[in-house]
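Structure, as C-alpha cells:
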Number of protein chains: 4
Amino acid sequence: MNTKQTILENALQFFASYGYDGASMSLIARETQITKAGIYSYFKNKEDLYIAVLDHLIAFHKEYWIKKKQRLKSASNEKRLKDSFIFSIQTAVKEPALIAFWQMAQISPPRSLEQVVTEKISASRNFLLAYFEEMFEAGKAAGEIETPHSSLTLAHSFYCLIEGASLKHVNANFPDYEATLLTIFELFWDGLEAREADEWKIV
Amino acid sequence: MNTKQTILENALQFFASYGYDGASMSLIARETQITKAGIYSYFKNKEDLYIAVLDHLIAFHKEYWIKKKQRLKSASNEKRLKDSFIFSIQTAVKEPALIAFWQMAQISPPRSLEQVVTEKISASRNFLLAYFEEMFEAGKAAGEIETPHSSLTLAHSFYCLIEGASLKHVNANFPDYEATLLTIFELFWDGLEAREADEWKIV
Amino acid sequence: MNTKQTILENALQFFASYGYDGASMSLIARETQITKAGIYSYFKNKEDLYIAVLDHLIAFHKEYWIKKKQRLKSASNEKRLKDSFIFSIQTAVKEPALIAFWQMAQISPPRSLEQVVTEKISASRNFLLAYFEEMFEAGKAAGEIETPHSSLTLAHSFYCLIEGASLKHVNANFPDYEATLLTIFELFWDGLEAREADEWKIV
Amino acid sequence: MNTKQTILENALQFFASYGYDGASMSLIARETQITKAGIYSYFKNKEDLYIAVLDHLIAFHKEYWIKKKQRLKSASNEKRLKDSFIFSIQTAVKEPALIAFWQMAQISPPRSLEQVVTEKISASRNFLLAYFEEMFEAGKAAGEIETPHSSLTLAHSFYCLIEGASLKHVNANFPDYEATLLTIFELFWDGLEAREADEWKIV
DNA sequence: AATGAATGAGGCTTCATTCAT
DNA sequence: TATGAATGAAGCCTCATTCAT
C-alpha cells in the first residue's frame, strides 16, 4: 500500500543482513516489487535511502523512550531500569533486523556516510545514556542504589549490558535465552551495592 | 615471503571496516602493494580469502585460550574469570579490528558463505562457552560462587558480558572506559550470590 | 526497438567467426553500438545470449523445413531431395555464418553449455533426419529409388552429404564450386540403384 | 617422458574441444602436469604452440599420404580411392580430436593467426586434392571411370565427401555408422558413370 | 508514480606472459 | 628444464544512476 514505507522496511532488512554495500538497489527493489528506477521516485540515491532508514529507526526509538519516561514517571527505579532492559531485549526478539542494522551502522557504516552516521548514532546514544544516568541518580537519591560508582559509569555499564544482551539474541540461538538474559540483569542489579573500587588495570 | 600474511592482515582490516562487499580486492591489493591478480597467487578467490581470515582468527583465539587454561590451572576461579574478561577487553583495545570482524561475521556474514561462517563461529563460541562453564562449575564446587543459576546460564551471561563490553569499546570512545568496563565485571561478580529466581517474562 | 535482434545477429557472426570464448561481449556490444552493460538488459549473461542465438537458428530452420514440406507435398521425391540439398547449399552461400555457427556448436560447444547444446542440436538433427527418411521411404514406395539400403541409412548419408557440401563452401573458395556441389548430388542420386551390399569394414 | 610431445598432444585435445581462446595455457599445463611457465620453456607463446600443433598435424598427414601413394602404386583406382576414404574415416574414429582441430582451424582460426593458418590449410588441402585428381585421371585413363565431370571436380567432390563423413562421426553418434559411411562411398562410386550434366543452379 | 532501456564505473576473476631462482 | 610469484590487460558481470516515456 504505502510504497515508501515498504521500501524502507525492505531496505532495513537487507542493510541489516548484507551490509550497505552488499544490499543492492536491485535486491531492495525486487523485494519491494517495484523497479530499481522506481525507488528513485522516493529517495534521491542510495545514501539518501540509508539515512532515511537510520533516521526512521532513531526517531522510532526516541519516541518510544520519551513515552516510556512519561508513563513510568512515578515507578521505582528498579522497575524503570528492568523495564528498559526488557524492552530492549524484546526488540531484539521481535525485530532482530533492527539490532543488526544498528550494530552494523556502528561497526561499519557506509564509507561515504561515516561521519554523518557516527554523529547521529552518537546523539542517539547520548540521549539514552542521559535517561539511564538520570535513573541511576534518582535511584541513589532514593536510597535504592548504594554504590561508589558514578551514575554516568553505571549508565554506560547498563547500556553496554543491553547491547551485549541484544546481540546475544540476534547472533546465537542458545537454549533458554530468557533465563540467561534475565540472569544478566539480576546479577547486575544485585551487584549494585557498596564495594571497594578495584585496582585492576586493563592496559 | 610474508606477502600472504600481509594480505591476510589487510583483508582483516578492510573486512572489519567496510564489510565483505565493501572491502574490494583492489583496496586490499593496493594496501598490500601488490596487484589485484597477485592476491590470486595465494587465495583462490575472495571467499577463500575471507575464510582464511576467519580461520586465522579462530585458530589464534583457540590457541590463546588453551594456553591460558594451562597456565591458570591452579588459580582461583575469580582470578581466572577476571583474567578472561580482561584479556577480551585488551584485545578490543589493541586490535579493535578483530572484534569488528568477528561481530560483522556474526551479524552479516558474506551472503554466499553464510552457512560455513555460521558453523565456524558456532563451534568457536561453544568452545569458549565450555571453558567458561567449567570455571563456573569449579567456582561453585570450591564455594567461591553461590547462586541458584546453572553454570551454563552463567557461562552464557558471562560470554554476553564480554561481547557487550568489547563492542562498547570498539563502537564508542566514551570517557573513562576502563572504569566502566571494570564496573561491569564487578557488578556481575558481586551479583553472584544466592537470590531467589525471578519471575519476569520477556516475551 | 530491434536492438535485441541486432545483438542476436552480431552475436551469431562473432560466435561463428571467433568461437564462444573468442567472441567477447565487448566486441558484440561495440558492433551493436551499445554498451556492454546494455546487452544485459536483454540477455541474462553470455551463456543466455549464446543459447538465444542457437534457439533462434534452430527455430528458423525448423519453420523453413515445415513450410517446405507443405509446399512440395506433391512433388517427385527426387525434386524434393534436390530441393533440400540446394536450399542447404544456398544457405551456406548466403549466410556462411549460420553454417559456421552450427558446426562450431557441434564440434566445440561452450564448455559450460555442452550438454544443453548437444541436446538441442541432436533434436534438430533428428527432426531433419526424419524428414529425409520419409522422403526416401516415399521414393522407394513410388519406385523412384531402388536400393538395398535402408531409408534411415540413406537419410544419414544424405544429411552427411549436405553438411559436407555446406562446409566445403564455407571453408574453401574453390573454383567452380557450383559444378562441384551439384556433381556430388548427381553422383549420389545416380548411385541410388540396386547393388549388392559391400563387405568392407572400417575398424 | 617427452614433455614437449605431451604438451602438443594435450594442446591438440583442448584446442579441438574448446577452441583457441577457450583452451587456456593453465588448462593445458595442468593436464600436462607442468607449470604454466614450464610450457614457455618449449614454446615461445600460445600462438607458437598452436602453430606447432597445426604443423605437426599437417606433417603427419602428408607423410601418411606419401607413403600410401608409394605402397598402392599398382592397385586399381577404385581400391586406392576406397582406401583413402576408409583411412580418413578410421582417423575420425580413432582420433576424433584431429578432425575437430582441423575443422576448427578452418571455421574459426585464431584471430591473430588467421592468414598463416589459412595458408597452411590451403596448401595441405591442395596437396590432397592433387593426389585425388591424379587418381581420378588415372581411373579415367584406365577406363574404370566413365563420367563427363572433370577430374578436378571429382577430386573436390571426393574431398568434400570425406570431410562430411568424418565430421558426421565426430559430431553425432548415430546407429550403424559403418553402414552409413560405406553407403556414402558406394553411392558415390556407383554414380561415377556417364550422364548428362544437369542444369540446376544454386544461386 | 513508475517503467524499461541505457550507461560509466567498478567489482571479481582469468589470461598470457615474464622473471628471478 | 622447471618453478612460484607477480603483472597488466582484458573478460564477464553488477552496480548506482539517469532519462524519455
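Letters A, B, ... are given to chains in the order of the sequence lines, protein chains preceding strands, and every chain is numbered from 1. Bear in mind that the values here come from a model prediction, so they are computed numbers and not experimental data.
For the pair C/Q33/C/T6, no side-chain contact is recorded, criterion being any heavy-atom separation below 4.5 Å from C-beta on. Proximity of D/I121 to D/T118: side-chain heavy atoms (C-beta onward) are nowhere separated by under 4.5 Å. The side-chain heavy atoms of C/I34 and C/I28, taken from C-beta on, include no pair separated by under 4.5 Å. The closest side-chain heavy-atom distance from B/Q5 to B/H56 is below 4.5 Å. C/L8 places a side-chain heavy atom less than 4.5 Å from the side chain of C/L49. With a 4.5 Å cut-off on side-chain heavy atoms, D/I107 and C/I107 count as touching.
Consecutive Watson-Crick or G-U pairing (both distances under 3.5 Å) extending over three or more pairs maps onto DNA chain E as E:2-21 with F:2-21.
Each of B/T35 and C/E47 was matched to the nucleotide of DNA chain F holding its nearest heavy atom; the match closer to the 5' end belongs to B/T35.
Spacing between atom CZ of C/F43 and atom C1' of E/dA6 amounts to 15 Å, rounded to whole angstrom units. Rounded to an integer number of Å, the gap from CD1 of C/I28 to C1' of E/dA6 is 18 Å. In this entry the distance linking CD of A/Q33 with C1' of E/dA1 reads 16 Å, nearest Å. Atom pair D/I39:CD1 and F/dT3:P shows a separation of 10 Å (rounding to whole Å applied). In this entry the distance linking OH of C/Y50 with P of F/dC12 reads 15 Å, nearest Å.
Using a 4.0 Å cut-off, some side-chain N or O of B/T3 falls inside it from OP1 or OP2 of F/dA6.
Cation-pi contact between B/K46 and B/F15: absent, since separation from the ring centre below 6.0 Å together with deviation from the ring axis within 45° is not met.
Of the candidates F/dT1, E/dG8, E/dT3, the closest approach to any side-chain atom of D/Y42 belongs to F/dT1.
Checked against D/F101 for a ring pair (Phe, Tyr, Trp, His ring centres under 6.0 Å), the options D/Y18, D/Y50, D/F14, D/Y20 give a single hit: D/Y50.
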Write out a two-atom table: protein N or O, nucleotide N or O from nucleotides 14-16 of chain F, distance below 3.5 Å.
from: F/dA16; atom 1: OP1; to: A/K46; atom 2: NZ; distance (Å): 2.5
from: F/dA16; atom 1: OP2; to: A/M25; atom 2: N; distance (Å): 2.8

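The aromatic rings of D/W102 and D/H61 sit parallel, their planes meeting at an angle under 30°, below the 60° perpendicular limit.
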